[in-house]
There are 2 protein chains.
Amino acid sequence: MRLIVARCSVEYTGRLDASLPTAVRLIMVKQDGCIAVHADGGAYKPLNWMNAPNTLVEADDLLVVTNPKDERLVIRLEEVFSDTTVLMGEDPGLTKDGVEAHLQELLALTPGVLGEGTVLVQREYPTELGPVDLLCRDGTGVAIAVEIKRRGEIDGVEQLSRYLERLNRDGTLRPVRGILAAQVIRPQARALAQSRGIECVTLDYDGLRGMRPDELRLF
Amino acid sequence: MRLIVARCSVEYTGRLDASLPTAVRLIMVKQDGCIAVHADGGAYKPLNWMNAPNTLVEADDLLVVTNPKDERLVIRLEEVFSDTTVLMGEDPGLTKDGVEAHLQELLALTPGVLGEGTVLVQREYPTELGPVDLLCRDGTGVAIAVEIKRRGEIDGVEQLSRYLERLNRDGTLRPVRGILAAQVIRPQARALAQSRGIECVTLDYDGLRGMRPDELRLF
DNA sequence: GACTCTATCTCGGTA
DNA sequence: TACCGAGGTAGAGTC
């Protein structure tokens, strides 16, 4: 990784046009060729950047980065305060715990929390509009489409509504109940769900984890 | 801005749990207190980060960052290769051209591209659910709600559907046509739009810019 | 503070 | 490659 601290101005042309007047900034050039220009505030977003794959040409006081999609980043260096290169090697990468996929996995193992007698039919049940997270049947045999979210918001209700509309066209499934299952559900999402006859279930991630049959046996 | 290059491991707990095994990385500590940990690949996203406002406590070989939302980032420094601080000052910030707001501006000037005789009634026409980008009337006087996007996706269709549902309750407007106008429109969005009777119009940003009356007069 | 929506979204998965 | 969906989305604007 190459770290340049310099007074510079930057122009980007591509998906839109953006320009950055002169100031002192950090320019990060990474091993894979991608570039980010950071100011001294706001952790996340670079002011300007260019992702790999791209081509970096250095000429005089200019850094010109172009990519196959005809995007172009031009950095004019006006005063370089430091320019150092560090060898870092491969990164082993991040492991995450608690994303939507884990919720789905856990809920698939314990569908009973959606109601006494509920059993799993299929995960990622396909429809024309995309896969339903879980297809279940309740204690009386009625089909349930379950949309799982970490945070239940209005989008999730819309998504489930679209699936339900499609699933209810299928005579072998109809009528299909809808359940939005999430760790927290926003009042607005709850209201919209109710107005469409969609049920809301709040999930307790640690609770679900505790109910996994394989883990129960350990204690 | 403080730049630390170090062999380190990182743990984040908060909205989820994430952990990063030992490797050499760049740790950026910015003036506003926010922190980002970068590997030597992938321009945009830090591996881990913590936005302002937060509290940084440095103790021995640990950097512990906590914020009011009970998120916590712990960086264990195992070998520090460099640790430098640079003064950068305020950044004048980025100016952009070609974002959705510009599309809206241009389309408001040339509503005719939505159909012969179409005229603008109002930009940002308010509804209970938020403002409709453009309210127009077509050549025959029928109202049109226009949702403008750079990229037309399924969310845009949902958004416009909600607006249309509200607008059609208004006797002075009803019936209201819906148009999704975007530079590119995804097939799924197009399909959903069609099933809801919403029309799709593809916009050419440079073309629109060329049609602006004030610019036409220049040539 | 809560809500809404844009984004050069990024990133990962899949067909 | 394009499409689709999740994200610790972030960030800006509004109320």
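Reminder, nothing fancy here: chain letters follow the sequence lines and each chain counts from 1.
Considering every non-hydrogen atom in both A/C34 and A/A52, the closest pair reads CB-N, 3.4 Å. The two residues B/L167 and B/A145 make their nearest non-hydrogen contact at CD1-CB, 3.7 Å.
DNA chain D is contacted by A/K96, A/V99, A/E100 of residues 91-102 of chain A, taking any non-hydrogen atom closer than 4.0 Å. Near DNA chain D, meaning a heavy atom under 4.0 Å from it, residues 182-195 of chain A has no residue at all. The stretch residues 23-50 of chain B touches DNA chain D through B/K45, B/N48, B/W49, B/M50, each having a heavy atom under 4.0 angstrom from the strand.
The distance from atom CD of B/E105 to atom P of C/dT6 is 16 Å, rounded to the nearest whole Å. We find that CD of B/E124 is positioned 10 Å from P of C/dT6, with the value rounded to whole Å. Between the CG atom of A/N54 and the P atom of C/dT10 there is a distance of 13 Å, given to the nearest Å. To the nearest angstrom, P of C/dA7 lies 8 Å from NZ of B/K149. Rounding to whole angstrom units, CG of residue A/D155 and C1' of D/dG7 are separated by 13 Å. Separating the CG atom of B/L160 from the C1' atom of C/dC5 is a distance of 15 Å, rounded to the nearest angstrom. Put simply, CD on A/E71 is 13 Å from C1' on C/dT10, counting in whole angstrom units. For the pair A/Y12 OH and C/dA7 P, the computed distance is 13 Å after rounding to whole Å.
Listed by first and then second residue, the salt bridge (Lys or Arg N to Asp or Glu O under 4.0 Å) pairs involving residues 33-59 of chain A are A/R2-A/E58 (not counting sequence neighbours). Among residues at least two apart or in separate chains, salt bridge (Lys or Arg N to Asp or Glu O under 4.0 Å) pairs with a member in residues 18-36 of chain B are A/D91-B/R25. Residue pairs satisfying the ring-ring contact (aromatic ring centres under 6.0 Å, His included) criterion with at least one member in residues 144-165 of chain B, sequence neighbours excluded, are absent.
Within the nucleic acid shown, B/Y163 comes within 4.0 Å of sugar-phosphate atoms alone, with no base atom in reach, counting heavy atoms only. When heavy atoms are screened at a 4.0 angstrom cut-off, A/R151 is found touching the sugar-phosphate backbone but no base atom.
Atom P of D/dG8 sits at a distance of 22 Å from the matching atom of C/dC5, rounded to the whole Å. Using C1' as the reference atom, C/dC11 and C/dA7 are 14 Å apart when rounded to the nearest Å.
Residue B/Q188 holds its CD atom at 8.0 Å from CZ of A/R162, rounded to the nearest 0.5 Å. Note that CD of A/E147 is 4.0 Å distant from CG of A/D133, once rounded to the nearest 0.5 Å.
Distance alone, capped at 3.5 Å, is enough to place a donor-acceptor pair between the B/N54 side chain and the B/N51 backbone. B/D204 places a side-chain N or O within donor-acceptor distance of the main-chain N or O of B/D206, the cut-off being under 3.5 Å.
Partners of A/A189 by side-chain contact (heavy atoms from CB on, under 4.5 Å), not counting sequence neighbours, listed by chain and number: A/V157, A/I185, A/R186. Contacts of B/D17 classified as side-chain contact (heavy atoms from CB on, under 4.5 Å), with partners at least two apart in sequence or in another chain: A/D97, B/T13. Every side-chain contact (heavy atoms from CB on, under 4.5 Å) that A/V99 has, sequence neighbours left out, goes to A/K96, A/A101, A/H102, B/L16. Among residues two or more places apart in sequence or in another chain, the side-chain contact (heavy atoms from CB on, under 4.5 Å) test is passed with B/Q122 by B/Y125, B/P126. For B/Y44, the ring pair (Phe, Tyr, Trp, His ring centres under 6.0 Å) partners two or more places apart in sequence, or in a different chain, are A/W49.
A side-chain donor-acceptor contact under 3.5 Å links A/R196 and A/S161.
Nearest-nucleotide positions on DNA chain D for B/L16 and A/G130 put A/G130 closer to the 5' end.
When distances are taken from the side chain of A/R15 to each of D/dA10, C/dT8, C/dC5, the shortest belongs to C/dT8.
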> For DNA chain D, what string of dots and brackets results from 5' to 3' when Watson-Crick and G-U pairs need both distances under 3.5 Å, crossing pairs get [ ], and pairs with another strand get |?
Replying inline: |||||||.|||||||

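OP1 or OP2 of C/dC11 sits under 4.0 Å from a side-chain N or O of A/N51.
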